Structures are given as C-alpha cells and as structure tokens.
Amino acid sequence: MRRGSTARLIRPGWTFRAVPGVLGLFVVLGRAGAPPLRADDPAALTQEEEDRVREAQDPSARIEVYLELAGERLERFNATRQAPADASEAADRGTAVEQILSQYIALDDELKNWIDDQYSTGHDMRKGLRTLIDVAPKQLAVLTQVQQNPDRYASDYRQSLQDALADLNDTLNGATQALAEQEKKFGALKREEKVEAQEAKQAAQEEKKRQKEEHKLRKKQDQKGVPEDEDQQN
C-alpha cells in the first residue's frame, strides 16, 4: 500500500484541488499541512488486511480488495455508532466513529491512487471498475442515510461524513470516466486481435491446403513410378 498519501485525508476547511494524472480523473479535497490520522497508515490496516492488499497484484483484484476493506470500515462505523453506550462513553465513542470514518476515506484515497497508477501504465482494470461502479452507489446510500438520520455522535463526525460523501462521489465519477476510456482502448485492441487471429487462421488453412496438395502430388508420382525431378522437367 502506498504511503505518503495522507495529504489527501479530509478535514474541515479543505478545498477542492485537482490530482495530477493522465486524465485528471479525480478531484479530491485537500489542504496543505493537514494532520494525518497516522503517519505510517491512515487507514489503520491490520497485518491480514495488508496481506490482502499486497497479494492482489491484478489491477482489478486490487480495486475489489480496497472496496471490500472500505465496506468493512463502513460496517464497523455503523455498528460502533449504533451500539448502546452510557453517558461516560459518549465522548470516546464519538472519537471512535470519527476515526473509523476517516479510515474509510483513507482507503478510498488509496483506491484512487491505484486507479491513477494503473490507468497511467495502461493496465486493463475494466472488471474492477465495473465492480466499483456497482458497489460505490450502495456505499453512498449508506452514507446518505447516516447523514439524513443523525445520531448522538453526529457532531463528532459530521465534517468527515460530508467529506466521505464528496470523496466517494469523486471516485465514482473518475471510475466511470476511466472505464469509458478503457472500453474504447481495449475494445479497439480486441478488434485488432480478432482480425489478426482470423488472418492467422486463414494463413494456416492455406498452408494446410498447400501441404495436402503436395502430398497428393507426391503420392501420384510414386504410383506412376516417375522420379520427382524427371516429372518437374517434363
């Protein structure tokens, strides 16, 4: 997982800025010098989660892993904020739900980094992008429902919730654009490969036909007892 991406973590007062890339696929919220959750890993991945990310070397597989991890953070966010708590736990619970939501944002940020990298290097990630376009609206629906139904901790995570919604919408828009471009690119390559395959098949058929005709000619010559060189001279 790429480190050093904590500048994209979203906090109150951030403003929109463009992320450098081949197409400028993403526009995220950013503010120079904003404090990260943790310098080493803002998403607070466990060792098992780190392994899942590292082992997913296929472009689409890595996208799917990030989506799974983000979904798990979202489930943890909901479970934590909805769990019963007494007054003495309220402050700690509010901090906890805000941190989990910030981890969710960090994972979305890593996902954007991965898509940008894979797009710029020309790797086919259409399968993963299709999965993202299917999953992201469902996560947006969860976040929107939380926003529309505030709980006792809403003041603790209100800004992060707004930022998570904006960031995920940005991810969805960028993924949609990337998929459209890759469909054009790899669709054209597929058509070229199909033409090449057809040409190779035709050439193989013609070569097979030529070899068959030569075999018939040699067989005919053997039956007549005519030397090949003499037959060619005649």
Side-chain angles (χ1 to χ4, degrees), residues 5 8-19 21 23-31 37 42-45 49 52-53 56 59-83 94 96-116 118-119 125-183:
S5 63
R8 288 188 181 184
L9 282 179
I10 299 169
R11 286 292 181 271
W14 292 42
T15 56
F16 279 99
R17 66 179 174 84
V19 177
L23 284 180
L25 292 174
F26 301 112
V27 175
V28 299
L29 297 171
R31 185 186 66 185
L37 288 177
L45 295 184
E49 290 172 335
R52 285 167 64 184
V53 172
S60 289
R62 180 74 67 89
I63 290 174
E64 292 168 0
V65 169
Y66 279 134
L67 288 171
E68 290 169 3
L69 293 176
E72 290 167 8
R73 291 298 189 283
L74 202 53
E75 290 177 2
R76 189 183 306 167
F77 167 73
N78 264 335
T80 302
R81 72 184 185 85
Q82 292 173 353
V97 292
E98 198 281 332
Q99 287 180 339
I100 296 170
L101 193 54
S102 292
Q103 293 168 15
Y104 173 86
I105 295 170
L107 280 165
D108 184 66
D109 209 40
E110 293 290 346
L111 173 58
K112 290 181 183 182
N113 284 339
W114 178 255
I115 293 174
D116 265 342
Q118 297 304 302
Y119 187 92
M125 52 182 170
R126 288 174 293 172
K127 181 176 179 291
L129 291 173
R130 292 189 191 105
T131 301
L132 190 158
I133 291 170
D134 177 64
V135 171
K138 299 172 184 177
Q139 295 188 0
L140 279 171
V142 173
L143 292 169
T144 300
Q145 185 177 26
V146 173
Q147 187 179 52
Q148 294 174 346
N149 298 277
D151 54 44
R152 63 190 297 186
Y153 311 111
S155 60
D156 294 294
Y157 63 77
R158 181 176 291 109
Q159 184 61 54
S160 289
L161 178 59
Q162 293 175 1
D163 295 337
L165 283 162
D167 213 37
L168 187 55
N169 269 304
D170 177 48
T171 301
L172 182 57
N173 292 336
T176 301
Q177 182 182 356
L179 179 60
E181 293 295 328
Q182 290 214 321
E183 291 284 12

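Because the structure is a prediction, the values reported are computed rather than measured.
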With a 4.5 Å heavy-atom cut-off, do Q177 and N173 have their side chains touching?
no
Are the charged groups of E183 and R130 less than 4.0 angstrom apart, N to O?
yes
Of the non-hydrogen atoms in V65 and A56, which two are nearest, and what is the gap between them?
CG2-CB, 3.8 Å
Closest non-hydrogen contact found for A106 with A43 is CB-N, 3.8 Å
Distance check, rounded to the nearest 0.5 Å: L168 atom CG versus D108 atom CG?
5.5 Å
State, with a plain yes or no, whether a side-chain heavy atom of T131 is found less than 4.5 Å away from one of S60.
no
N/O donor-acceptor pair under 3.5 Å between R73 side chain and I100 backbone:
no
Can you see which heavy atom on L69 is nearest to which on E49, and at what distance?
CD2-CG, 3.6 Å
For the residue pair W114 and Y66, establish whether any side-chain heavy-atom pair is separated by less than 4.5 Å.
yes
Partner residues of E75 under the salt bridge (charged side-chain N to carboxylate O under 4.0 Å, His left out) criterion, sequence neighbours left out:
none
Working note: E110 + N113, criterion side chain to side chain contact (heavy atoms under 4.5 Å, CB included); need CA distance, chi angles, decisive distance, verdict.
CA-CA 5 Å; E110 293 290 346; N113 284 339; 3.9 Å; yes
Please examine the side chains of V146 and N78, heavy atoms only from C-beta on, and report whether any two atoms are closer than 4.5 Å.
yes
Measure the spacing between NZ of K127 and CD of E64 and express it to the nearest 0.5 Å.
3.5 Å
Rounding to 0.5 Å, atoms CD (Q99) and CZ (F77) come to a distance of 12.5 Å
To check you understand the geometry: which heavy-atom pair defines the closest contact between E181 and Y119, and what is its length?
CB-OH, 3.3 Å
Between R52 and E72, is there a salt bridge with N-O shorter than 4.0 Å?
yes
Interatomic distance, NZ@K138 vs CG@L74, rounded to 0.5 Å, equals 13.0 Å
Is any side-chain heavy atom of L179 closer than 4.5 Å to one of L132?
no
Supply the atom-to-atom distance D134 CG to L129 CG, rounded to the nearest 0.5 angstrom.
12.5 Å
What residue pairs, at least two apart or across chains, pass salt bridge (Lys or Arg N to Asp or Glu O under 4.0 Å) with a residue in residues 144-157?
R81-D151
So R76 and Q103, side chain to side chain contact (heavy atoms under 4.5 Å, CB included) or not? Walk me through it.
CA-CA 11 Å; R76 189 183 306 167; Q103 293 168 15; 4.0 Å; yes
Look at the side chain of D167 and the backbone N and O of D163, then say whether any donor-acceptor pair between them is shorter than 3.5 Å.
no
Output yes when a side-chain donor or acceptor of Q147 lies under 3.5 Å from a complementary backbone atom of L161, and no otherwise.
no
At their closest point, which heavy atom of G128 faces which heavy atom of I63, and how far apart are they?
O-CG2, 3.4 Å
For a quick test of reading the model, state the closest non-hydrogen atom pair linking S102 to S160 and the distance between them.
OG-OG, 3.8 Å
D170 side chain vs A166 backbone, donor-acceptor pair below 3.5 Å:
no
Tell me, with the steps shown, if Q159 and E98 meet side chain to side chain contact (heavy atoms under 4.5 Å, CB included).
CA-CA 9 Å; Q159 184 61 54; E98 198 281 332; over 6 Å; no
Using 0.5 Å steps for rounding, measure from the OG1 atom of T171 to the CD1 atom of I133.
11.5 Å
Under the criterion side chain to side chain contact (heavy atoms under 4.5 Å, CB included), I'd like the reasoning laid out for L143 against Y104: C-alpha separation, chi angles, the key distance, then a yes or no.
CA-CA 11 Å; L143 292 169; Y104 173 86; 4.0 Å; yes
